[in-house]
Amino acid sequence: MALCSLLTAAVWAQSPQSVVCNPDGTVTFKYKNDKAKQVQVDVQFAGRQPMTRQADGTWTATLGPVAKDMYPYCFVVDGVSIMDPENPLYFPNEGFKNSLLEIPGNGTLPHDICDVPHGSLEYVHYYSNAIGTTNNAVVYLPPGYHQDFQKKYPVFYLISGTTDTEETYSKVGRVNYILDNLLADGNAKEMIVVMPYGNPMKLKQQGAPTTVEGATTKERSDAPAAQMRFGGDPFSRDLIGDLMPYIEKNYRTINNADHRAIGGFSRGGNQALFNGLTNLDKFAYLCSYSSFTSTDIPNVYDNAAETNKKIRLFWLGVGTDDFLYGNARDYMEFLDSKGIKSVKELTHDKYGHTWMNAKYFLACTLPLLFNRKASSLAMQNAQPAPAKTGKEQQFTPGVMARLFPKPIVSPEYSPDSIVFRFKAPEAKEVVLACEILPDFLPMKKDADGVWTVTLGDYATETFKYCFLVDDVPVADPNNMLIHNVPGFKASIADNPYGPFSYAGMGNIAHGRVGYDMNRHEAWYVSPMAQPTMPQMVQLVPGAGDSAESWFTLGGAAAIADKLLADGAIKPVILTTSKLDFVPQGGVQPQIAPKVLRADDMPTWSQRRRALIRLLVGL
C-alpha cells in the first residue's frame with residue numbers, strides 16, 4: 001500500500017497539463033521524467049514521434065494540426081510504452097493500454113458529451129455454458145428506461161474488435177453518447193445496446209476454473225485461435241445460447257428479428273455478420289464496421305430472394321486506407337454477384353483501421369436501426385461495390401501475425417500462486433510492486449526479453465500492482481483489469497481461485513452494477529425474484545479513488561452475489577451515491593442506510609472484510 005501510494009504521489013506531482021490542444025489545431029504533449037534517456041509520443045494521427053527534453057526534465061512534442069476527434073496515444077519511455085499518467089481517459093484492451101486524446105467538437109461531433117438526457121451503463125455477469133464460467137457484458141439503457149416500466153425495447157448487439165474488451169465500445173467508441181445525442185435530436189429509435197466480450201476463451205487462458213460444455217479439446221487448449229473460428233465456436237454459442245437469454249430475461253426487450261440488430265468492428269464485425277446471417281430468424285439488421293465474413297454460409301448467399309426478404313438493413317462500412325479494405329471490398333462485390341442487397345460506406349480520412357472510423361460508422365447506422373422507413377430507403381439507394389484496382393490491401397496470415405503477435409499471459413493464475421510477465425528487452429531492471437507486499441519483488445529476464453516473477457503469498461487476494469521498469473511505473477499491458485482512477489492507473493490481480501472471484505462461483509444469479517459516468521456514481525442491485533425492501537449500504541470511495549473502485553478493486557458486487565447465493569444475506573443495494581439516492585428499477589431501500597468509508601481502513605483487503613461483516617450483520 002505504501003509503495004503504490006508513493007508511486008501515485010510521484011505521478012500526481014507532474015503537471016496536470018499533459019496534453020494541450022492549441023488554437024491552431026496542433027496538440028502539445030508533455031511528460032515529465034528527468035531520468036529517461038529517450039521519450040517518444042505514439043499517437044494515431046502522427047505515428048511515433050520524438051519528444052524534446054526541457055531543462056526541468058519535462059519532455060514535449062507539438063504535432064498536427066489534426067481534425068477534432070478522439071485519438072489513442074501513449075508515451076514510449078526508453079522503449080517501453082506507458083499510458084499518460086495524467087490522463088483520466090484510457091483505451092481498455094487485452095494486450096496494450098493507451099490513453100485517449102479528446103479534441104472536443106463543442107457539440108459538432110457525434111460523440112461529444114452534450115447537455116442532453118443521458119442513458120446509463122450496466123455491467124452484467126452471467127454464467128456461460130459455452131465457456132463453463134462467468135462471462136460479462138456492458139449494457140446501455142436509454143434515458144427513459146427507468147421511467148416507464150411497461151415499455152419494451154429493441155436490442156442492438158454490438159461487438160468490439162480483436163484484443164478489445166466489452167468496455168471498448170463505450171469508453172472508446174462512445175456509443176452511449178452518440179446514441180444519447182441522436183435520441184435528443186429525434187434521429188434514432190430508443191434501444192438497448194448490449195456489448196459482449198468478443199474473446200471469452202481468454203478467460204480460460206489465465207487459469208480460470210471452468211467446465212466447458214460442448215467445447216472441443218482444441219478450443220480448451222488453444223484459446224487465442226478459438227476466437228478466429230466462427231460457427232459453433234465458443235463466442236457464437238455464448239451469444240445465442242447464454243447472453244441473449246440472459247438479456248431477454250432481465251431486461252424489457254422485444255424478442256423478434258425485426259427488433260434485434262447485430263453489428264461490430266473488425267473481428268466483431270466478422271462475428272456479427274456470421275451470427276446474423278446464420279440466424280436470420282433472430283436478426284433483421286446487420287452492420288459490419290471495417291470487416292467481412294465467410295462466403296460459405298449455406299442457404300443464405302444462394303437464396304438471394306429469401307435472404308433479401310428477411311434483412312431490413314445490411315450495412316457495410318470500411319476505410320479505403322484500412323488493411324482490411326481489399327477483403328471488405330471483395331465481400332461487397334461477392335454480395336452484389338449473388339444479388340444480395342447491401343449499403344456500402346467508404347471513408348478516406350480516418351487513418352484506416354481505427355476507432356475514429358468505428359465511431360463514424362455508428363453515427364451512420366444508429367439512425368437506421370429499427371426504422372423501417374429509413375432502412376428501406378437506405379437499401380433502395382445502395383450502390384454497387386467499388387471497382388477493383390489491384391492495389392487494395394489484403395488481410396493475410398502474415399499481416400495477422402505482425403499486428404497481433406502471440407500474447408504474453410500475465411497474470412497467470414493457479415490456486416496457490418500468480419505468475420507475472422512483462423516484455424522489456426532493453427530494460428536494466430524490472431520489479432513487481434504490489435500494495436499487499438512490504439517490498440518490491442525483483443523479476444528475471446529470459447532470452448526473449450520477458451521478465452518473470454512468481455508470487456506465492458496472498459495469491460487469492462485481490463490487489464493492485466504495477467511494474468517498475470527502470471523506476472518508471474507501468475501497468476500490466478496484458479491484464480484487462482485496470483484500477484480506473486485519476487492519475488496513475490495500476491493493474492488489478494483478481495485470482496479466479498479466490499473466494500469472491502466471479503470465475504469460481506459457478507452457475508449462480510448475479511446482480512447488476514450500474515455506472516452514471518456524468519455524476520460519478522455507481523450502484524449495485526442484488527438479483528431479486530420479486531420487488532422487496534432491500535437494505536441500502538453506502539460505499540464511500542477513498543481519497544484518490546473513483547466511483548468504480550469499490551466494485552473493480554473492492555469486489556463489492558461479487559461479494560454480495562456470493563453471500564446471497566450462499567444464503568448468508570438478504571437482497572441489498574450498494575451505492576456510492578448520497579443517501580437520498582433512488583436506485584434504478586424503482587425498488588425503495590429500507591430506512592437508515594449503513595455507511596462504509598474506504599478511508600476508515602488502510603488496505604482494500606481490510607475494506608473487503610469490513611464489507612463482508614457489514615453485509616452479514618444486516
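All values derive from a computational prediction rather than experimental measurement.
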Test item: side-chain donor near acceptor, Tyr140 and Glu122, under 3.5 Å
no

Indicate whether any N or O donor in one side chain lies under 3.5 Å from an N or O acceptor in the other, for Asn484 and Ser546.
no

I'd like to know if the side chain of Ser290 pairs up with that of Asn357 as donor and acceptor (distance under 3.5 Å, no hydrogens or angles considered).
no

Have Tyr289 and Thr365 got a donor and an acceptor in their side chains that come within less than 3.5 Å?
yes

Judged by modelled atom types alone, do Asp242 and Ser128 share a side-chain donor-acceptor pair under 3.5 Å?
yes

Take Tyr153 and Tyr145 through the test ring-ring contact (aromatic ring centres under 6.0 Å, His included) and record every step on the way to the result.
CA-CA 9 Å; Tyr153 297 83; Tyr145 184 87; 5.4 Å; yes

One thing to verify: whether Asp281 and Lys310 come together as a salt bridge, which I'm taking to mean a side-chain N less than 4.0 angstrom from a carboxylate O.
no

Side chains of Asn98 and Tyr90: any donor to acceptor distance under 3.5 Å?
no

Kindly state whether the ring of Trp315 and the ring of Phe361 have centres lying under 6.0 angstrom apart.
yes

Is the shortest side-chain N to carboxylate O distance from Glu102 to Lys68 below 4.0 Å?
no

N-O pairing of Lys152 and Glu248 below 4.0 Å
no

Is there a donor-acceptor contact under 3.5 Å linking the side chains of Thr320 and His348?
yes

Worked verdict on Trp523 versus Phe551 for ring-ring contact (aromatic ring centres under 6.0 Å, His included):
CA-CA 9 Å; Trp523 60 90; Phe551 299 96; 9.2 Å; no

Acceptor/donor pairs from residues 329-341 side chains to any protein atom, 3.5 angstrom cut, sequence neighbours excluded:
residue : atom : partner : partner atom : Å
Arg329  : NH1  : Glu333  : OE2          : 3.3
Arg329  : NH1  : Pro386  : O            : 2.7
Arg329  : NH2  : Glu333  : OE1          : 3.2
Asp330  : OD2  : Gln394  : NE2          : 3.3
Tyr331  : OH   : Tyr301  : OH           : 2.8
Asp336  : OD1  : Lys344  : NZ           : 3.2
Asp336  : OD2  : Ala385  : N            : 2.8
Ser337  : OG   : Phe334  : O            : 2.6
Lys338  : NZ   : Asp302  : OD1          : 2.9

Does any donor atom in the side chain of Lys350 or Tyr360 lie under 3.5 Å from an acceptor atom in the other side chain?
no

Whether the Asn176 and Ser170 side chains hold a donor-acceptor pair (N or O, under 3.5 Å, no angle test) is what I'd like checked.
no

Regarding Asn255 and Thr253, is there a side-chain donor-to-acceptor distance under 3.5 Å anywhere?
yes

Is the distance from the ring center of His510 to that of Tyr502 below 6.0 Å?
yes

Scan residues 557-576 for pairs that pass salt bridge (charged side-chain N to carboxylate O under 4.0 Å, His left out), counting only residues two or more places apart or in two chains.
Lys562-Asp566

NZ/NE/NH1/NH2 to OD/OE distance under 4.0 Å, Asp69 and Lys359
yes

If the condition is ring pair (Phe, Tyr, Trp, His ring centres under 6.0 Å), which residues does His353 pass it with, not counting sequence neighbours?
Phe265, Phe323

